[in-house]
Amino acid sequence: MPTQSFKEKVFRVVRGIRRGGVLTYQEVARRAGNPRAARAVGAVLRTNFNPAIPCHRVVRSNGALGGYNRGVGRKRFLLARERLSEL
DNA sequence: CATTTGACGCCAA
DNA sequence: TTTGGCGCCAAAT
């Protein structure tokens, strides 16, 4: 029985994504224990405004960025910035 | 407890 | 390549 809600597991997974790296919603769902809950992952991340949880590093499996609760432009910016600093 | 809501994913057309 | 439709699921209402 789940001592942690799905929400908590998602945050734990996303908190572990390192700078310059990205995960798909699907992969986050898998790591959180429910491979078919990709959509629900979005619903959870949508409520996150904690900077310690880098939810901008979660993208769609088709290569598109996906959404962001502070504007997609913001998400693009953060990712571009991290990609550059990786080089 | 029943419904609605979408930061998703897959596939046929 | 792009679109529409549908299945899926946790959260919110």
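Just so we're on the same page: letters track the sequence lines, and every chain starts at 1. Nothing here was measured: the structure is a model prediction, and the numbers come from that model.
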Exercise. Base, backbone or nothing for each nucleotide of nucleotides 2-13 of chain B, written B, S, -, heavy atoms under 4.0 angstrom, 5' to 3'?
Worked result: ----BBBBS---
In terms of hydrophobic clustering (I, L, V, M, F, W, Y; side-chain heavy atoms under 4.5 Å; direct or indirect links), are [X] and [Y] co-clustered?
{"X": "Tyr68(A)", "Y": "Ile53(A)", "value": "no"}
{"X": "Ile17(A)", "Y": "Val10(A)", "value": "yes"}
{"X": "Val72(A)", "Y": "Val59(A)", "value": "yes"}

For this session: Kindly give the heavy-atom pair with the smallest separation between Phe6(A) and Ala40(A), and that separation in Å.
Result: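 Here Phe6(A) and Ala40(A) meet closest at CE2-CB, 4.1 Å.
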For this session: Check step by step if side chain to side chain contact (heavy atoms under 4.5 Å, CB included) holds for Leu23(A) and Val14(A).
Result: CA-CA 8 Å; Leu23(A) 284 185; Val14(A) 174; over 6 Å; no
Problem set entry | Contact boundaries on DNA chain C for chain A, cut-off under 4.0 Å to non-hydrogen atoms |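 The protein-touched segment is dG7(C) to dA12(C).
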Exercise. When you look at Arg36(A) and Gln26(A), which way does the side chain to side chain contact (heavy atoms under 4.5 Å, CB included) test go after all the steps?
Worked result: CA-CA 7 Å; Arg36(A) 298 186 289 185; Gln26(A) 193 173 51; over 6 Å; no
Exercise. Hey, which of Arg57(A), Lys75(A), Arg76(A) is the one that makes salt bridge (charged side-chain N to carboxylate O under 4.0 Å, His left out) with Glu82(A)?
Worked result: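 Filter result, single survivor: Arg57(A).
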For this session: Could you verify whether a donor N or O on one side chain and an acceptor N or O on the other, from Arg19(A) and Ser85(A), lie under 3.5 Å apart?
Result: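 The criterion, which ignores hydrogens and geometry beyond distance, is satisfied for Ser85(A) and Arg19(A).
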Exercise. Counting only heavy atoms not in Arg46(A), do more than 12 sit closer than 6.0 Å to its CZ atom?
Worked result: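 Count not over threshold, so no.
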Problem set entry | Intermediate values then yes/no, salt bridge (charged side-chain N to carboxylate O under 4.0 Å, His left out), Glu27(A) and Arg31(A) | CA-CA 6 Å; Glu27(A) 183 59 25; Arg31(A) 299 190 188 190; 3.0 Å; yes
Problem set entry | Secondary-structure notation, DNA chain C, from Watson-Crick and G-U pairs under 3.5 angstrom (| other strand) | .||||||.|||||
